[in-house]
Amino acid sequence: MINQQGNRFFFNVDWITILLYLALCSIGFVNIYASIFNPDHADFFDFSSNYGKQLIFIVTGLIVGFSILLLDAKFFSVFSPIIYGVTIILLIIVLVVGRKVAGNQAWIPIGSFRLQPSEFAKFGTALLLARYISTFTPKFKDFKSILFAGLIVAVPLFFIMMQPDAGSALVFLSFMFPLYREGLSGYFLLIFLGMIVLFIACFLLPLYVNIPVIIAVGAYFIYLNKRKQKMMFSIALATIIAIAYLFLVKLTYTKVLEPHQRSRIEIMLGLKTDPKGAGYNVIQSQIAIGSGQVLGRGFLLGTQTKYGYVPEQSTDFIFSTIGEEWGFVGCTVLIGLYAFLLLRIINLAERQRSQFSRVYGYCVASIIFFHVFINIGMTIGIVPVIGIPLPFISYGGSSLWSFTVLLFIFLKLDSNRMGFI
């Protein structure tokens with residue numbers, strides 16, 4: 001299904017978004033180079049190094065991206081169930097033959113390359129969710145429509161938790177925002193915030209304190225609505241679910257999460273300090289970012305970066321390199337580029353004539369936002385270290401390619417917005 005309007009191709013594509021994409025990829029390459037710089041092997045085109053490999057990932061990503069722009073826009077709607085199914089199969093395969101790294105069995109070894117299916121599952125889920133909403137136009141006022149949308153997200157989420165990869169799984173919560181845009185009640189956002197509060201309370205207070213408090217709050221609201229039988233039933237059900245959620249959090253914490261993941265949560269909540277263990281990465285990252293001050297130490301002059309004090313600095317903690325060598329100004333520029341990109345995507349999504357394109361655009365913006373917020377948040381110590389990449393910046397082929405496909409599919413849909421109904 002190749003696009004038949006090649007003569008209009010360059011006029012319809014949103015080149016501002018592509019320029020933002022290229023700017024972010026360039027920043028990523030330069031800082032990956034800085035994070036592993038070795039004066040004895042300083043060649044920018046050393047393809048045996050991580051930065052050399054990243055350059056290959058960027059070039060091949062561009063080839064894939066522009067190939068997507070040549071396809072017919074309806075391809076992604078028609079084949080969304082197949083794309084979704086393939087990503088689910090890959091998630092199952094990784095549980096059987098996957099390589100375990102840092103406690104997560106999340107990579108399929110292919111020669112010297114490792115494929116991470118959870119990255120590709122994000123755009124597969126976004127496509128099928130957009131297909132479901134645009135085909136059946138649910139208003140999300142009834143249980144059935146919410147259940148179907150929830151299942152589309154829950155299936156890949158389940159297999160990702162089996163790895164277990166808590167970081168990638170957490171990103172799937174971002175699909176709540178496109179659903180909210182399409183009519184999901186604001187109560188679900190309140191429930192989401194309530195889950196976060198209960199999650200924190202589960203660690204700060206024992207169950208014998210939390211459960212009576214939840215029961216007391218539930219009983220109080222039942223009393224206020226004693227003349228509304230349906231409302232009383234809903235509050236009672238919510239109370240039971242909240243208590244069950246507390247037990248589920250405890251069970252997941254003790255039986256599912258790896259010891260290093262539990263330590264990261266405890267450190268983030270201030271329950272313990274471990275400057276030489278689980279908290280080491282964050283402390284060194286904070287030192288690196290803080291030492292950059294306003295203008296930074298300069299390219300290749302960061303001492304924390306140069307001497308390898310920050311582990312995983314070219315992947316999960318790449319933001320610390322930017323903070324140390326480019327300072328507050330560099331961090332502001334990077335965050336500004338992300339903000340511009342997100343606003344641009346939302347603006348493009350709102351002008352779509354096709355509901356499929358609009359929903360998919362909001363999925364793209366939500367996924368990128370979650371990645372940026374969580375990654376930067378963990379480098380400065382405000383969220384647990386859960387190991388997710390900074391979009392277009394962190395080293396890694398699976399990450400870069402999946403974000404490229406995610407973004408360029410939307411660019412293709414947008415370029416055909418006048419003809420895609």
Side-chain angles (χ1 to χ4, degrees), residues 88 91-92 94-96 98 100-107 116-119 121-122 125 146-147 149-176 188-215 218 237-272 274 277-279 281-282 316 367 370-371 373-375 377-378 381-388:
I88 296 300
L91 288 174
I92 296 173
V94 78
L95 295 175
V96 180
K100 202 162 189 176
V101 178
N104 298 335
Q105 189 169 325
W107 288 267
Q116 188 175 6
S118 59
E119 292 293 334
K122 294 165 190 174
T125 303
I146 296 173
L147 176 63
L151 283 174
I152 291 172
V153 178
V155 172
L157 179 61
F158 170 78
F159 288 112
I160 291 171
M161 286 300 297
M162 291 288 290
Q163 296 176 2
D165 185 355
S168 295
L170 186 63
V171 174
F172 276 73
L173 297 176
S174 65
F175 288 109
M176 182 177 295
F188 284 90
L189 293 180
L190 292 176
I191 291 172
F192 176 60
L193 293 175
M195 290 172 64
I196 295 175
V197 172
L198 285 176
F199 178 85
I200 296 174
C202 192
F203 293 97
L204 299 182
L205 298 170
L207 288 176
Y208 63 79
V209 173
N210 283 321
I211 292 176
V213 170
I214 292 174
I215 293 174
L237 180 62
T239 302
I240 294 171
I241 292 174
I243 294 172
Y245 173 73
L246 284 178
F247 282 104
L248 180 62
V249 170
K250 281 289 187 183
L251 181 65
T252 302
Y253 178 75
T254 56
K255 301 296 184 181
V256 178
L257 295 183
E258 298 288 336
H260 70 278
Q261 293 172 323
R262 294 197 293 268
S263 294
R264 289 167 178 174
I265 292 174
E266 292 169 358
I267 291 170
M268 190 272 296
L269 295 175
L271 301 178
K272 75 174 187 179
D274 187 11
N281 292 22
V282 175
D316 298 344
I367 292 169
F370 255 63
H371 267 269
F373 176 79
I374 294 173
N375 181 277
M378 72 185 189
I382 63 173
V383 300
V385 178
I386 52 178
I388 65 172

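Under the rule for a side-chain contact (heavy atoms from CB on, under 4.5 Å), A238 has no partner lying at least two apart in sequence or in another chain. Checked against ring-ring contact (aromatic ring centres under 6.0 Å, His included), F172 has the following partners two or more places apart in sequence or in another chain: F175.
Atom CD1 of I160 sits about 10.0 Å away from atom CG of L95, to the nearest 0.5 Å. The OG atom of S118 sits 12.5 Å away from atom CE of M161, with the distance rounded to the nearest 0.5 Å. A distance of 8.0 Å separates CD1 of I214 from OG1 of T239, quoted to the nearest 0.5 Å. Of the inter-residue distances, the one linking D165 atom CG with L91 atom CG reads 10.0 Å to the nearest 0.5 angstrom. The distance from the NZ atom of K122 to the OG atom of S174 is 8.5 Å, given to the nearest 0.5 Å. Considering CD1 of I152 and CG of L157, their distance stands at 13.5 Å, rounded to 0.5 Å.
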Practice task
Please test S168 against Q116 for side-chain contact (heavy atoms from CB on, under 4.5 Å), starting from the C-alpha separation and ending with a verdict.
Solution key: CA-CA 10 Å; S168 295; Q116 188 175 6; 4.1 Å; yes
Could you list the donor-acceptor pairs under 3.5 angstrom formed by side chains in residues 242-251, with sequence neighbours left out?
residue, atom, partner, partner atom, Å
Y245, OH, M195, O, 3.0
K250, NZ, C202, O, 3.4

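Looking only at side-chain heavy atoms (C-beta outward), F159 and V94 stay at 4.5 Å or farther from each other.
Closest non-hydrogen pair, A121 versus T125, comes out as O-OG1, 2.7 Å. Closest non-hydrogen pair, V282 versus G381, comes out as CG1-CA, 3.7 Å.
Heavy atoms from other residues, nucleotides or ligands lying under 6.0 Å from CE of M176 number more than 12.
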